[in-house]
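Computed from a prediction, not measured in an experiment: that's the story for all the values here.
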Amino acid sequence: QVQLVESGGGLVQAGGSLRVSCEASGGTFSVYVMAWFRQAPGKEREFVAAIRRWSGDIDYADSVKGRFTISRDNAKNTLYLQMNSLKPEDTAVYYCAARLGNALTRGGEEYNYWGQGTQVTVSS
């Protein structure tokens, strides 16, 4: 069983930066892909970015490309999301997810483990 714990959320002004982290524990040797999703109030959960744990292949949603950077530190079993040039529409609960399969997928239903989420609020 893989456990995921996010941290680093908070309140930031538009145009600012924030980094959220996700520490994984448990059967992490079986995790091949990790990702970030987000869910704003009244909206469906949406894909943000994903990374293959060992090859480093990356996929970004168009809405964050060029502003957000996903990375991982395999030695620390930690996933990061560096968020720059934040906009009010980036306000959401950000969730870390882990997938046992190797496909770099955007479908939330294909991820096996989820964190509890961390709130990111961007003020205008």
Anything under 3.5 Å between a donor and an acceptor, one on a side chain of residues 15-22, the other on a protein residue two or more places apart or in another chain? List them.
from: Ser17; atom 1: OG; to: Asn84; atom 2: OD1; distance (Å): 2.9

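- Annotation: salt bridge (charged side-chain N to carboxylate O under 4.0 Å, His left out) contacts involving residues 68-77, sequence neighbours excluded, are absent.
- Remark: Ser25 engages Gln3 in a side-chain hydrogen bond (donor to acceptor under 3.5 Å, both in side chains) (not counting sequence neighbours).
- For Asp90, the salt bridge (Lys or Arg N to Asp or Glu O under 4.0 Å) criterion is met by Arg38, Arg67, not counting sequence neighbours.
- Applying the side chain to side chain contact (heavy atoms under 4.5 Å, CB included) criterion to Lys43, with sequence neighbours excluded, gives Ala40.
- Between the side chain of Glu6 and the backbone N or O of Cys96, at least one donor-acceptor pair lies under 3.5 Å.
- For the atom pair Tyr60 OH and Lys65 NZ, the distance stands at 10.0 Å (nearest 0.5 Å).
- Applying the side chain to side chain contact (heavy atoms under 4.5 Å, CB included) criterion to Trp54, with sequence neighbours excluded, gives Tyr32, Asn74.
- Annotation: disulfide (SG to SG under 2.5 Å) contacts involving residues 32-78, sequence neighbours excluded, are absent.
- Judged as a side chain to side chain contact (heavy atoms under 4.5 Å, CB included), and not counting sequence neighbours, the contacts of Leu104 are Val33, Ala50, Arg52, Asp57, Asp59.
- Every side-chain hydrogen bond (donor to acceptor under 3.5 Å, both in side chains) that Thr121 has, sequence neighbours left out, goes to Gln119.
- Across Ser123 and Leu11, no two heavy atoms sit closer than the pair CB-CD1, 4.3 Å.
- Scored by the side-chain hydrogen bond (donor to acceptor under 3.5 Å, both in side chains) test, Thr105 finds Glu110 as partners (sequence neighbours excluded).
- Residue pairs meeting the salt bridge (charged side-chain N to carboxylate O under 4.0 Å, His left out) criterion with at least one member in residues 20-29, sequence neighbours excluded, do not occur.
- Among pairs with a residue in residues 72-124, those fulfilling ring pair (Phe, Tyr, Trp, His ring centres under 6.0 Å) read Phe37-Tyr111, Phe37-Trp114, at least two apart in sequence or across chains.
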